[in-house]
Amino acid sequence: MQTSKYCPVHSLFLKHYIKIDLIDFFSFPFLIQRRQKLRSGGNIAIHPCSLPYIQQTFRMLNLIPMNKTMRGVEESCGFPLLEELSLATTSYSFTSDKDLLHILFGSTKLRVLDLRGCSRITPAGLAALPCSDLECLFWGQYFTSSVGSSSLPKTGLHLLTQKWGQTLQQLDIANQLFTEEDLECAISFLSQAPDTLRSLNLSGTRISPSFFNSIVHFLALLGQTTLNYLNLSSCRYLPRGLKRTYRDQEDIQQLLVKIK
């Protein structure tokens with residue numbers, strides 16, 4: 001991994017198509033300190049907590065973590081100032097709940113989490129994260145070969161909306177095959193903070209006509225407030241005329257009028 005010789009305060013790190021040893025998740029904070037001392041071969045030699053400057057935005061696309069023995073690695077303080085993390089992938093994802101927690105165990109200020117394509121991440125793993133005020137969760141499954149092919153229903157989405165329902169502004173769970181009961185429970189938690197949500201992507205989920213009544217009630221609560229994007233495309237159990245993307249408040253209000 002290459003890093004610049006002089007690194008004042010990094011607010012953004014962006015890397016595409018990278019294979020990285022899990023050991024680097026612990027040594028990565030070294031890369032974003034104001035001063036760096038490199039050993040021969042590019043290994044970082046400074047203690048991760050010796051300087052207070054830790055980046056706020058961390059984007060590593062198509063990440064492939066590799067398990068590696070952690071012997072000799074000093075304890076890391078993590079990313080306490082991190083506000084945005086993207087591990088989105090356009091290929092098969094190897095990132096697990098354990099990997100995610102290794103990165104975010106100290107990130108209590110996280111606001112944006114992009115895990116699109118990360119099919120191994122579970123609701124329980126997300127609910128275990130220390131951040132309590134997440135605003136954007138992008139967890140749609142767009143790029144993996146298994147999209148739409150699994151018949152096994154998933155559960156646990158309600159754990160996330162229960163934890164972050166008061167702060168979530170954008171939620172993307174496209175092609176996540178949660179059960180109808182779990183979706184309904186999740187929406188009920190979102191309904192407790194109707195002035196917060198701005199974007200909801202339910203494309204490819206298992207919304208049925210009977211469950212759609214819960215969505216209608218939720219939208220009625222939102223009224224003319226904040227929601228300006230609703231994606232119901234590719235929801236196979238909905239009537240054809242409803243399966244599309246609604247891109248502003250007027251469009252959503254017309255949907256409500258149509259289904260009354």
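Heads up: numbering here begins at 1 and tracks the sequence. All figures in this text were calculated on a predicted structure; none of them were measured in a lab.
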Name of the residue among L100, T95, T89 meeting side chain to side chain contact (heavy atoms under 4.5 Å, CB included) with L115: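 In the set L100, T95, T89, the residue that makes a side chain to side chain contact (heavy atoms under 4.5 Å, CB included) with L115 is L100.
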Quick one: hydrophobic cluster around V112, which other residues, with the 4.5 Å side-chain cut-off, linked directly or via members?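 Result for V112 is F138.
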Do other residues, nucleotides or ligands put more than 12 heavy atoms under 6.0 Å from K243 NZ? yes
Identify whether Y237 and L202 are in the same connected component of the hydrophobic contact network (ILVMFWY, side-chain heavy atoms under 4.5 Å).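 Y237 and L202: separate clusters.
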Can you list everything that forms a side chain to side chain donor-acceptor pair (under 3.5 Å) with S203? Sequence neighbours excluded, please. S233
State which residues pass side chain to side chain donor-acceptor pair (under 3.5 Å) with R120; sequence neighbours excluded, sorted by chain then number.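 Once residues adjacent in sequence are excluded, the partners of R120 under the side chain to side chain donor-acceptor pair (under 3.5 Å) criterion are Y92.
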Which residues share a side chain to side chain contact (heavy atoms under 4.5 Å, CB included) with [X], sequence neighbours left out:
{"X": "A127", "value": "L159, L160"}
{"X": "S199", "value": "Q170, Y229"}
{"X": "T179", "value": "P153, T155, E181, D182"}
{"X": "Q162", "value": "F189"}

Holding to salt bridge (charged side-chain N to carboxylate O under 4.0 Å, His left out), I want the full list of residues that pass it with [X], two or more places apart in sequence or in another chain.
{"X": "E84", "answer": "R59"}
{"X": "D114", "answer": "R116"}
{"X": "R111", "answer": "E83, E135"}
{"X": "D251", "answer": "R244"}

Please step through side-chain contact (heavy atoms from CB on, under 4.5 Å) for the pair T245 and N201, ending with a clear verdict. CA-CA 9 Å; T245 302; N201 189 344; over 6 Å; no
Steps toward side-chain contact (heavy atoms from CB on, under 4.5 Å) verdict (T226, N228): CA-CA 6 Å; T226 59; N228 52 37; over 6 Å; no
Using modelled atom types and a 3.5 Å cut-off, is there a donor and acceptor pairing between side-chain atoms of [X] and backbone atoms of [Y]?
{"X": "W164", "Y": "C131", "result": "yes"}
{"X": "N175", "Y": "Q141", "result": "yes"}
{"X": "T122", "Y": "G125", "result": "yes"}

Between D133 and T167, does a side-chain hydrogen bond (donor to acceptor under 3.5 Å, both in side chains) hold up when you go through it step by step? CA-CA 6 Å; D133 298 315; T167 58; 5.0 Å; no
May I have the step-by-step check of side-chain contact (heavy atoms from CB on, under 4.5 Å) for L113 and L126, ending in yes or no? CA-CA 10 Å; L113 183 58; L126 288 172; 3.7 Å; yes
Could you check whether any side-chain heavy atom of L168 comes within less than 4.5 Å of a side-chain heavy atom of T196, counting everything from C-beta outward? no
Test log, rule side-chain contact (heavy atoms from CB on, under 4.5 Å), inputs I187 and T161: CA-CA 8 Å; I187 291 296; T161 56; over 6 Å; no
According to salt bridge (charged side-chain N to carboxylate O under 4.0 Å, His left out), does anything in residues 171-180 pair up with another residue at least two apart or in another chain? List the pairs.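 Output for this query is empty, none listed.
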dist L104:CG -> L87:CG (nearest 0.5 Å) comes out at 7.5 Å
